[in-house]
Every structure is written in C-alpha cells, then in structure tokens.
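All remarks here apply to the structure that follows.
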Amino acid sequence: MAILKSYGVRLRESTPQFPRPNLCDNYKRRNVKWRSPQAAVIPNFHLPMRSFEVKNRTSADDIKSLRLITAIKTPYLPDGRFDLEAYDDLMHMQIENGAEAVIVGGTTGEGQLMSWDEHIMLIGHTVNCFGGSIKVIGNTGSNSTREAIHATEQGFAVGMHAALHINPYYGKTSLDGLISHFDSVLPMGPTIIYNVPSRTGQDIPPHVINNVAQSPNLAGIKECVGNDRIEQYTGNGIVVWSGNDDQCHDARWSHGATGVISVTSNLVPGLMRELMFGGKNPSLNAKLLPLIEWLFQEPNPVGLNTALAQLGVVRPVFRLPYVPLPLEKRVEFVNLVKEIGRENFVGKNDVQVLDDDDFILVGRY
C-alpha cells in the first residue's frame, strides 16, 4: 500500500500543470477591435480575383483591330432559363460567317434581365467553348461602380478578353464622377466604353474620353451619337466602333471607324462582314437598310428576338418586359427575308410567320 501511495505522489508531481483559463481574458479577446489588412484600402488593389493573371489574357491592341463585333442574342428555354444548345449554335454561325468578337450579356443579349450569377456563367461558358476562335467581350458595366468592379474582376477571372462599360445610368453623376467611375475599372484589363445617351440619359462627352484615353487599357469607344462624333475621336487617334447599324457603312469608310458592334449581324453575319471588310459598298448598304429599320422600329432587342424565332434558330420565348412584334410586322419580316435571300440569314429552316399563341412570355425565371 505504501508503495502505491508513493507512486501516486510521484505521478502528481510529474504531471505538467497548465494555468486555468481566465474567463475575463476570453471576454477581452472576443472584444478586440478587428483591423482590416492594409491591402483592402489600397486603391485599385482588386480582391479576391487575380485580374492581372488570367487565362486567355489579351491586350488592348488585340481588341483595337476588330472590325465586326456581334452583340450576341441570349436564347431561352420555355421556363426562362438559358438555352445553351441554341446559344452554342448561334455562336457557331457567327464564327463560321466571319464575326471576330461577340458582346456577351449586352443590351441585345439582355444582360439587364440577368442575375450576375447568370451573367458571369454565360461569359465563362462562351470563353470555355469558343474563346480560342473568337474574342469574348463581357458586358460587366453597371450604374454602381462597386458592382462594375466586382463583375469585371469575375469576368476577367473566367477568361473574357475585354470588358464593355457603360456610363452610370438613371442615377447619373457629374463629369468628374464619370472619369472616376471609368478609372476604377480600366486598370483591370482591355476595355470598351459604350456611349448610348438614348438609353442612359447622359452623353459621355469628348472631355471625359480624352481624359480616360490616357489608360493603356482603353481599347476604344462604342459610339452611338453619330458619325461626326466618331470622326472627332478617330482624328485624335482613338479607336471607335459604330453603335448604329444604319450608319456603320459610312462610319467605317468615310469617318474612320474601325468597325461596328452590330445587332443586325445576328441575322446576316456574312453580309455585315462584307460591309465592314469589302470596301465602300453603297448598294449592299442600301439592301440592308430596310432590314435594319425593321429591327429598330421598337426598342432593341424586341425586333431581333422576333426575327430569330421566325427563322427557327431560337425558341419563341421572351423574358418580360420584352414581347414580340405584332403580326403585321412579323409578316413584313418574312417578306424582307425573301427580298434579301434566305441563304444570307442564319439557320436552315424556312422562315415563317408565327402566331401570337406560338410565343411564350416569361415573367418569373
């Protein structure tokens, strides 16, 4: 028994003694004021995306040479989700007919009706499937600078070659605010600035563009004000794409525009390529003008969505608030296709006049 007691004493003496926790110390630790890492407050330090080290990295000079850029349509399934099979077919037709780049999720592609998750997913899908054959320009602009920064970081992270940025709309800012907005996104990669006052309610004047043009990442301007403005920029060495299909021929061949960012090329990419690459061609331009006027009689993309559905290359599904053109306009389109030649349009099905009941309008998706 004495031996066991002695062993117990030695065991207690050899056991390491740790200080008992102090509840007051725990309370103090929980209430220490957290300090942000310094990187989070450095201007233009973009987290968490590695915006300067992304796959398919391209330069602004690579974008500046593009002549035909299609603002690609986003097709839908009957429940309103993306129809990626139809989208891929549209992309193949653009590549086969000579388009050099696409705008993903622009106004034509109904980016304004997408969640940002949908938006970035579609940019990534386009890059992964087609980025080796065509330049992918993601519309990551917003009227919120914070959203524009975040979306652009994500877009470059999934591999887009360039970003399209609009000026803040509705909640308009000052000219100095415009400069600060664009300066916040330009460091991330090649950028096209989009000026369309009819949609934003505010013109981006040359003073702003001349200021931000000091950035090596400014690829150029998509300009919708008109050819006089385009010539003003091209005379100063700034690259410009016409944003107006009805003016793009003259912009390209008489006012120095590099090319066009086109809606019409969704329908007739081969003819639009010829218009941008083949030299002055007033007869072809005149041939296309009735189709262009038809497309824009209602706000884009109402006409385009209607046309592609009647060509049988997308399902006749509209995300509201867009609705198809009325029956008499749908009949006009069929006649335009016959006049221009069905072989010049995308798809292989016969063009047809769809009835009102053929269309599906989706408000929740």
Distance-only check: which donor-acceptor pairs under 3.5 Å involve side-chain atoms of residues 207-216, not counting sequence neighbours?
| residue | atom | partner | partner atom | Å |
| --- | --- | --- | --- | --- |
| N210 | ND2 | P206 | O | 3.2 |
| Q214 | NE2 | N211 | O | 3.4 |
| S215 | OG | N217 | N | 3.2 |

So CG of L90 and CG of D83: to nearest 0.5 Å the spacing works out to 9.0 Å
Spacing of CG belonging to N300 relative to OG1 belonging to T264, to within rounding of 0.5 Å: 9.0 Å
Would a hydrophobic clustering, with Ile, Leu, Val, Met, Phe, Trp and Tyr connected at side-chain separations under 4.5 Å, put V240 with I204? yes
Is there side-chain contact between H181 and P168, with heavy atoms separated by less than 4.5 Å? yes
Whether the side chain of R315 engages the backbone of P75 through a donor-acceptor N/O pair (distance < 3.5 Å, no angle test) should be reported. no
With rounding to the nearest 0.5 Å, note down the distance linking CD1 in I134 to CD1 in I95. 5.0 Å
Taking H161 for the side chain and I137 for the main chain, is one N or O donor matched with an acceptor at less than 3.5 Å? no
How many angstroms lie between atom CG of N139 and atom CG of L122, to the nearest 0.5 angstrom? 11.0 Å
Any chance the side chains of S242 and H255 put a donor and an acceptor closer than 3.5 Å? no
What are the two closest non-hydrogen atoms of G243 and K222, and how far apart are they? CA-CE, 3.8 Å
Can you name the closest pair of heavy atoms from V353 and Q310 and give their distance? CA-OE1, 3.6 Å
Mark yes or no for whether K172, through its side chain, and G201, through its backbone, hold a donor-acceptor pair below 3.5 Å. yes
Could you pull out the closest heavy-atom pair between L271 and L284, with the gap in Å? O-CD2, 3.7 Å
For residues S283 and N281, is any side-chain donor paired with an opposing acceptor at under 3.5 Å? yes
Heavy-atom side-chain proximity of H165 to T152 below 4.5 angstrom: yes
Do L218 and L186 touch side chain to side chain, with heavy atoms closer than 4.5 Å? yes
Short side-chain donor-acceptor distance under 3.5 Å, Y194 and T200: no
Are the side chains of L275 and R252 in touch, meaning some heavy atoms are under 4.5 Å apart? no
Apart from V225 itself, what residues make up its hydrophobic cluster, given side-chain heavy atom links below 4.5 Å? none
Should E274 and K287 count as an ion pair when the cut-off is N to O under 4.0 Å? no
Is there a side-chain contact (heavy atoms from CB on, under 4.5 Å) between Y365 and L113 once you walk through the steps? CA-CA 10 Å; Y365 41 84; L113 303 186; 3.7 Å; yes
My understanding is that only residues two or more places apart in sequence, or in another chain, count here; which of them pass ring pair (Phe, Tyr, Trp, His ring centres under 6.0 Å) with F130? H92
Could you note down all residue pairs passing ring-ring contact (aromatic ring centres under 6.0 Å, His included) where residues 62-84 supplies at least one of them, sequence neighbours left out? none
So does R330 pair up with D356, basic N to acidic O under 4.0 Å? yes
Is there a path from L320 to V302 through hydrophobic residues (I, L, V, M, F, W, Y) whose side chains come within less than 4.5 Å of each other? yes
Check whether D79 reaches the backbone of R81 with its side chain - one donor and one acceptor, N or O, closer than 3.5 Å. yes
Check: P269 main-chain N/O paired with N97 side-chain donor or acceptor under 3.5 Å: no
Taking E223's backbone N and O only, do any of them form a donor-acceptor pair with R229's side chain (distance below 3.5 Å, no angle check)? no
Show every ring-ring contact (aromatic ring centres under 6.0 Å, His included) that has at least one partner inside residues 295-327, sequence neighbours left out. F318-F359
Report whether V185 and I120 are members of the same hydrophobic cluster (ILVMFWY, side-chain heavy atoms less than 4.5 Å apart, transitive linking). yes
Please determine whether residues V260 and V102 belong to a single hydrophobic cluster, defined as Ile, Leu, Val, Met, Phe, Trp and Tyr linked transitively by side-chain heavy-atom distances below 4.5 Å. yes
Distance-minimising heavy-atom pair for A60 and P190: N-CG, 3.7 Å
Go through it in stages, so that I can follow the logic: the residues are V334 and V331, the test is side-chain contact (heavy atoms from CB on, under 4.5 Å), and I'd like the CA-CA distance, side-chain angles, deciding distance and then a yes or no. CA-CA 5 Å; V334 171; V331 172; 5.7 Å; no
Under a 4.5 Å side-chain heavy-atom rule over Ile, Leu, Val, Met, Phe, Trp and Tyr, are L288 and W253 clustered together? no
Answer whether the closest heavy-atom distance between the side chains of L291 and F345 falls below 4.5 Å. yes
Under the criterion side-chain contact (heavy atoms from CB on, under 4.5 Å), I'd like the reasoning laid out for T173 against L178: C-alpha separation, chi angles, the key distance, then a yes or no. CA-CA 7 Å; T173 185; L178 290 180; 3.8 Å; yes
Kindly say whether G171 contributes a backbone atom to a donor-acceptor pair with the side chain of N143 at under 3.5 angstrom? no
Determine yes or no for a side-chain-to-main-chain donor-acceptor pair under 3.5 angstrom, with D62 supplying the side chain and S59 the backbone. yes
Can you sort out the partners of H119 under ring pair (Phe, Tyr, Trp, His ring centres under 6.0 Å), two or more places apart, ordered by chain and number? W116
Side-chain heavy atoms of K329 within contact of T306, under 4.5 Å: no
Is the cationic atom of R199 (NZ for Lys, CZ for Arg) positioned less than 6.0 Å from the six-membered ring centroid of Y169 and within 45 degrees of its normal? no
How about I72 and T108: do any of their side-chain heavy atoms sit closer than 4.5 Å? no
Taking every non-hydrogen atom, the tightest pair across T140 and A151: CG2-O, 3.6 Å
Where L361 and P324 come nearest, the two heavy atoms and their spacing: CD2-CD, 3.8 Å
Do I149 and E153 have side chains that get closer than 4.5 Å, going by heavy atoms? yes
Enter the distance from N167:CG to Q202:CD here, rounded to the nearest 0.5 Å. 5.5 Å
Using only atom types and a distance under 3.5 Å, with no angle test, would you say the side chain of E100 pairs donor to acceptor with the backbone of R67? yes
Mark yes or no for whether E231, through its side chain, and D228, through its backbone, hold a donor-acceptor pair below 3.5 Å. no
I would like to know whether R146 and S184 meet side-chain contact (heavy atoms from CB on, under 4.5 Å); could you show each step before the answer? CA-CA 9 Å; R146 181 190 68 170; S184 296; over 6 Å; no
How long is the span from the NZ atom in K348 to the CD atom in E343, to the nearest 0.5 Å? 14.0 Å
